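Naming: A, B, ... by sequence-line order, numbering from 1 per chain. Values in this document were obtained by computation on a predicted structure and should not be read as measured data.
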Amino acid sequence: MPAAPRIACIALDRPLDRLFDYSIPEDLTLAPGQRVRVPFGRGSTIGVVVELASTSEVAPGRLRAIQEAPEAEPILGPRLLELLQFGARYYHHPLGEALLGALPPALRHGDPLPALTPETLWRMTPAGSQALADGDARGRRQQAVLRALAHPGSTPHDSPALDRATLAAATGLQLAPRELRAFAERGWLEAITPDPKQPPPPNTSDHTLTAEQRAAVDALTPDTGVPLLLEGVTGSGKTEVYLQMAERVLARGRQVLFLIPEIALTPQLSARIQQRFPGQVALLHSGLSEGERLRAWESARQGQRRIVVGTRSALFTPLPDLGLIIVDEEHDSAFKQQDGFRYNARDLAIKRGQLEQAAVVLGSATPTLETLHAATTGRYAHARLATRPDGSQPPAVEAIDTRVHTPDEGLTAPLLDAMQQTLAAGHQCFLLLNRRGFARVLACDACGWVAECPDCDARLTIHAHNPRAVCHLCGHQEPRPQRCPQCGEALAQRGLGTQRLEQALARHYPTTPLIRLDRDSIRHKGALEEALDRIRQLDAAIVVGTQMLAKGHDFPQVGLVGVIDVDQGLFSVDLRATETTLQLIVQAAGRAGRGSGGGRVLLQTGHPDHPLIRGLNAANYPAMVAPLLEERAAAEMPPHGHLALVRVEAGDAETTRRHAERVATHLRNAAAEGLRVLGPAPAPRHRVNRRFREQILLQSTQRGPLHRALTRARHAWQTDDLPRGTRIAIDIDPVSLA
DNA sequence: AGCACGCCGACT
DNA sequence: GTCGGCGTGCTC
């Protein structure tokens, strides 16, 4: 008779690629996925039970006992546990970090699960409606709340009941519970406590779906394990399709996981979902406090909230009745974690869908070549939204030849003319420039010297209100040199960024409202919402920004989109630069010509006759990127080949190189037929913050040999004596080779 | 990763 | 004489 399993194999939050065995105290019953506190070294730490065993390799005398289990139940269910185990294996990352990283920080640190209180919903009373109409509600906040309850987004019917978070999202205000209670005491609002067994019905939409949208909703076939690509041109109404899919799945009693690239950049989307499903949405993103995050997570795990809207890491939220995963803007690189556990939430979402028997929808106007290829070869189902419900057309794309029209401060004469016309017609101009700040560098025109960071491979940049020169990679600052240290000539400022473009535009159009939208300008909380509101309220205006300008916002007034410099993206060496630039152009074009009809997209380029530029066609993205797919096939690059990047980093160039060579040798020894090991080569940014980086690229038409070689080589270099300061990072399916 | 142990330099 | 530098090894 086998002994009872009195040993638990436990994963810990350490970068150690193994489990630790502990004995289970008599009075404790454990299951995989359960959280435990264990003694470790001289302290104690939180771990997750991965499996139970009756014997251990560790001598019985050296086994220590589990201290406690904060919950009696597994906190990660079997399918989520399997997903994370798969992910850790696939991305060659220690299981403990993957597992503990999936928990909210509070649980990782040992806090107990919070008790959930039922969410109060607020509805406007007739008295409140009266107060709004009569102007009795004087305060800005009072008016905002009442108005939100009178017109919740697209449903101007009877007053719906909204929870506090939804009201906050709809008004853009921070609302304390006591403030809402005060409104209730005045008789303007009434509080409703919904029955948890009987969730409130969705606030129905009065959008009638187009035939295409209807077909897309119907294309959702649950339980087949086949992902659905929802390819919809910008403005084609993907969100409404998602919402109706969600309604169907919720009606069958299941939960919905809605992943978006970055909540902060698209506040309207999450607000719209919350308004449609009041009190049922848990919002998960990096802006939450530990406590807020924990409560949102727990409410989803308990099934109290039926919808999770969140960024990348929300993929790992436990959902007992998961029925649908939506990955919106699936092409967005924000779904790929860029350090530590380098998973791609889009790819793991597909895996989770299979494990949980939940439908998976990937939506985009500009799908990645990987997804597009899977859809055209039949591995994924494919639904297209080719038209806009309002009947408007994506604008045509025109090129301005910068060899003929020399740009001054980034602006050519034809672009300035077109802007003039657009503004005169009362429409807006959006100008896209993928470089922040002033991005001016200090250069010597006489000998070519350029001011560089002493610690990085980067040029120092000059910003508007800073008298010093700054490094964008490490933050190093120094006084601006006035003269060239090599030849003594006076230094000139060269280059162009959004801030400088903004200044140049202010000179050209001194009376036109000018708004800049980039990472720097929205740093303050609420700054983005403020800018978006201003853009929507204005008629003629110029908006300057980086790629975030192209991200999913609806601006009805845009008549012209200008791309200041397409060439730097289109003709770059990086594997995906061309693809992401084409995506950016199409997404940007999608901002123009909504509502008011027409609209132009102007690209400034020195290669107007290049096939990619001539082939630009925002209405048919798959046709437009077909040549790229052919290139990828010829080069055995994704999706026709698989990549992994191994980065070696150390404190000086010499050791980094030496150890990279050794890692590469391990990989070559472990490599089987069909695997190419390229490098090591200095990483594109070889030196950052006084550390040096070399990289090795693995390329194979099959995933198998690639993973087998990595597994074997990893064993080899772990037993090899690499010095302490050397760090090796593995990046599977890298989104950028930089 | 943390945290100990451990063996060599400049300091009250 | 000791405080502390970070090289090496371990954590069930």
Side-chain angles (χ1 to χ4, degrees), chain A residues 3-70 74 76 81 84-85 87-88 91-110 313 337-343 646-652 654-656 658-659 662-663 689-693 714-731:
Chain A
R6 296 316 302 171
I7 289 166
C9 311
I10 291 168
L12 302 174
D13 192 12
R14 300 290 136 101
L16 302 170
D17 207 23
R18 63 201 149 128
L19 302 175
F20 290 84
D21 294 351
Y22 286 86
S23 64
I24 305 172
E26 287 294 322
D27 56 345
L28 214 56
T29 311
L30 289 175
Q34 219 167 323
R35 201 161 63 117
V36 287
R37 180 173 284 284
V38 293
F40 190 67
R42 72 194 318 278
S44 82
T45 188
I46 295 292
V48 171
V49 178
V50 174
E51 55 196 19
L52 301 175
S54 43
T55 58
S56 170
E57 304 275 280
V58 180
R62 302 198 57 194
L63 273 185
R64 298 220 257 169
I66 291 168
Q67 289 168 332
E68 57 162 348
L76 296 171
L81 199 56
L84 286 157
Q85 285 179 288
Y91 292 103
H92 293 269
H93 194 80
L95 177 61
E97 285 196 332
L99 282 180
L100 276 295
L103 299 178
L107 295 183
R108 203 153 64 220
H109 303 147
S313 63
Q337 176 116 39
Q338 291 291 9
D339 50 61
F341 181 27
R342 295 170 181 257
Y343 64 98
V646 180
R647 253 191 224 94
V648 180
E649 188 191 302
D652 73 283
E654 183 63 21
T655 27
T656 312
R658 214 171 49 243
H659 294 298
R662 257 160 83 183
V663 169
N689 236 330
R690 295 194 193 192
R691 293 185 61 81
F692 294 80
R693 309 186 306 191
R714 214 150 56 99
H715 269 291
W717 78 58
Q718 270 164 11
T719 49
D720 198 351
D721 52 342
L722 290 177
R724 266 269 150 144
T726 312
R727 290 228 294 261
I728 304 175
I730 298 172
D731 192 348

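- Between the CD1 atom of Ile46(A) and the C1' atom of dA1(B) there is a distance of 17 Å, rounded to whole Å.
- Rounded to whole Å, atom P of dA1(B) lies 12 Å from atom CD1 of Ile728(A).
- The interatomic distance linking Arg108(A) (CZ) with dA1(B) (C1') rounds to 14 Å, in whole Å.
- Other residues, nucleotides and ligands contribute more than 12 heavy atoms inside 6.0 Å of the NE2 atom of His109(A).
- Going from atom CG of Leu12(A) over to atom C1' of dC10(C) covers 13 Å, rounded to whole Å.
- In plain terms, the two heavy atoms of Ser56(A) and Asp21(A) that are nearest each other are OG-OD2, 2.6 Å.
- When the P atom of dC12(C) is taken as reference, atom CD of Glu51(A) falls 18 Å away, rounded to whole Å.
- Counting non-hydrogen atoms under 4.0 angstrom, Leu16(A) reaches a base of the nucleic acid.
- Out of dC3(B), dC12(C), dA1(B), the shortest distance to the side chain of Phe20(A) is found at dC12(C).
- Open room surrounds CZ on Arg727(A); 12 or fewer heavy atoms of other groups in view lie less than 6.0 Å from it.
- Straight-line distance from the CG atom of Leu63(A) to the P atom of dT11(C): 12 Å, rounded to whole Å.
- Taking the nucleotide of DNA chain B with the nearest heavy atom to each of Arg42(A) and Arg14(A), the more 5' of the two is matched to Arg14(A).
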Under 3.5 Å, which donor-acceptor pairs link side chains of residues 36-49 of chain A to any protein atom two or more places apart or in another chain?
residue	atom	partner	partner atom	Å
Arg37(A)	NH1	Ser44(A)	OG	2.8
Thr45(A)	OG1	Arg14(A)	NH2	3.4

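- Protein atom CG of Asp13(A) is 9 Å distant from nucleotide atom P of dG2(B), rounded to whole Å.
- Across all strands shown, Tyr22(A) has heavy atoms under 4.0 Å from sugar-phosphate atoms exclusively, and none from any base.
- Rounded to a whole Å, the CZ atom of Phe40(A) is 13 Å from the P atom of dC10(C).
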